[in-house]
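In what follows, a single structure is set out as C-alpha cells and then discussed.
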Amino acid sequence: MARPVEARPAAAPTSTRQAARQVRILRAASELGAREGLASVQMHDVAKEAGVAIATLYRYFPSKPYLFLSVLEWHIEQFLGDRDRDRDREPVTARTTDPATEVADILVALTGKLLGSRLLASAVAVSSFTEYATGVPARIDIVERALGQRLLRLLARRGGADAATCRSRTRLLVYGWWGLFVAVLTEEISPEQGAADLRLAARLIVTG
C-alpha cells in the first residue's frame with residue numbers, strides 16, 4: 001500500500017519578489033478555475049500558467065483545495081480593497097454609518113461578485129468541503145483572515161459588546177454568509193432570497 005503524502009505547512013512569502021510570485025499563482029489558478037472548473041485544473045497547469053516551478057507552487061499551496069481556498073481569500077481581499085477605494089471617493093454624507101447595513105451591503109455585494117463566475121465559485125465551494133491525502137484540510141476558516149477582520153472592526157465600532165461577543169458575532173456572520181453563498185450557488189434559494197436573508201442575519205446578529 002502506498003504511503004500517504006505527508007502534510008506540509010504552507011510557506012509564506014518573505015520578499016516582494018516572492019509575494020509577486022504568489023500573486024501570479026493565485027491569478028493563474030483563478031483564471032483556470034473560472035475557465036475550466038476545479039476538476040479540470042491540474043497543479044502542473046497552474047504552475048505553467050503562472051511561470052513557476054511545480055515545487056514552488058506546492059511550497060506556497062500544499063494541495064489543490066488549499067490553493068483554491070487561498071484564491072477565495074485573495075478575491076475577498078481584492079473586493080474589500082476596491083470597496084475601500086470606492087468609499088474614499090464618496091462624499092462623507094453619502095456613506096453608510098449603520099454597522100448592520102454596512103455589514104449586509106458588504107456580504108450581499110461580495111456574494112454577487114463571487115457568483116460572477118459560477119465555475120470559480122463552485123471550485124472554491126467544493127475545495128472547502130474536500131480534504132486530500134496530504135492531510136492539509138481545506139477549511140473555510142481561512143476566510144476569517146480577510147472577511148472576518150473587516151466585520152470584526154465594524155462590530156467593534158458599533159460598541160455595546162465586549163471583544164469576545166464581537167468575535168462570536170463575527171464568526172456567525174462569516175459562517176452564515178458562507179452557508180447562504182453555497183445555497184445560492186447550488187440554486188437552493190434565489191439570489192434575491194439570499195440577499196434578503198443576509199440582510200436579516202446581519203441585522204439580527206449585529207444588533208444582538
Side-chain angles (χ1 to χ4, degrees), residues 7 9-14 19 22-23 26 60-62 65-115 121 124-125 127-131 135-185 189 194-208:
T14 57
Q22 190 179 53
V23 169
L26 291 168
Y60 295 121
F61 307 101
Y66 188 97
L67 171 60
F68 276 93
L69 263 296
S70 298
V71 166
L72 173 61
E73 182 184 23
W74 182 61
H75 274 271
I76 291 172
E77 290 171 347
Q78 298 296 306
F79 166 82
L80 292 175
D82 291 344
R83 191 174 182 87
D84 285 343
R85 285 186 287 274
D86 291 342
R87 183 179 173 84
D88 288 343
R89 289 193 288 265
E90 288 181 350
V92 174
T93 54
R95 296 177 186 175
T96 301
T97 57
D98 174 38
T101 300
E102 190 168 352
V103 165
D105 287 347
I106 288 172
L107 297 178
V108 170
L110 176 59
T111 300
K113 178 74 172 178
L114 293 174
L115 289 174
V124 300
S127 293
S128 73
F129 304 128
T130 305
E131 183 171 320
V136 180
R139 299 167 59 199
I140 196 56
D141 299 23
I142 195 172
V143 177
E144 292 197 57
R145 292 207 298 255
L147 179 60
Q149 290 303 310
R150 170 62 60 86
L151 301 183
L152 183 61
R153 288 198 300 272
L154 289 173
L155 266 62
R157 190 184 76 192
R158 179 178 180 272
D162 58 29
T165 299
C166 285
R167 286 194 296 271
S168 294
R169 290 179 180 177
T170 298
R171 217 165 23 248
L172 286 170
L173 286 166
V174 169
Y175 282 86
W177 165 74
W178 181 251
L180 287 168
F181 167 74
V182 171
V184 174
L185 174 64
I189 60 175
D197 288 351
L198 278 172
R199 293 192 181 282
L200 175 60
R203 178 64 55 187
L204 292 173
I205 293 170
V206 173
T207 62

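For clarity, every value in this text was computed on a predicted model and none was experimentally measured.
R203 is listed as a side-chain neighbour of D98, based on a closest heavy-atom distance under 4.5 Å. Counting heavy atoms from C-beta on, the side chains of F79 and L147 never come closer than 4.5 Å. Residues F181 and L115 have side chains in contact (heavy-atom distance under 4.5 Å, counting atoms from C-beta outward). At a threshold of 4.5 Å between non-hydrogen side-chain atoms, the residues L173 and L155 count as touching.
The distance from atom CG of D84 to atom CZ of R150, rounded to the nearest 0.5 Å, is 4.0 Å. Atom CZ of R171 is separated from atom CG of L151 by 13.0 Å, given to the nearest 0.5 angstrom. Rounding to the nearest 0.5 Å places CG of L172 at 11.0 Å from CG of L204. A distance of 11.5 Å separates CG of L67 from CG of L72, quoted to the nearest 0.5 Å. Rounded to the nearest 0.5 angstrom, Q78 CD and L80 CG are separated by 9.5 Å.
For L154 against P99, the heavy-atom pair with the smallest separation is O-CB, 3.8 Å. In plain terms, the two heavy atoms of A121 and L185 that are nearest each other are O-CD2, 3.7 Å. Of all heavy-atom pairs spanning D105 and R83, the tightest one is CB-NH2, 3.3 Å. Closest of all the heavy-atom pairs between A11 and Q22 is O-NE2, 4.3 Å. Pairing each heavy atom of F68 with each of S127, the nearest pair is CB-OG, 3.3 Å. Between V206 and R169, the shortest heavy-atom contact is O-NH1, 3.4 Å.
For residues 66-79, the set of pairs meeting the salt bridge (charged side-chain N to carboxylate O under 4.0 Å, His left out) definition, not counting sequence neighbours, comprises E73-R145.
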Step by step, would you call S70 with Y66 a side chain to side chain contact (heavy atoms under 4.5 Å, CB included)?
CA-CA 6 Å; S70 298; Y66 188 97; 3.5 Å; yes
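In this structure, Y175 has its ring center no closer than 6.0 Å to that of W178.
Between D82 and R85, at least one side-chain nitrogen of the basic residue sits less than 4.0 Å from a carboxylate oxygen of the acidic one, meeting the salt-bridge criterion.
For T111, the side-chain hydrogen bond (donor to acceptor under 3.5 Å, both in side chains) criterion is met by W177, not counting sequence neighbours.
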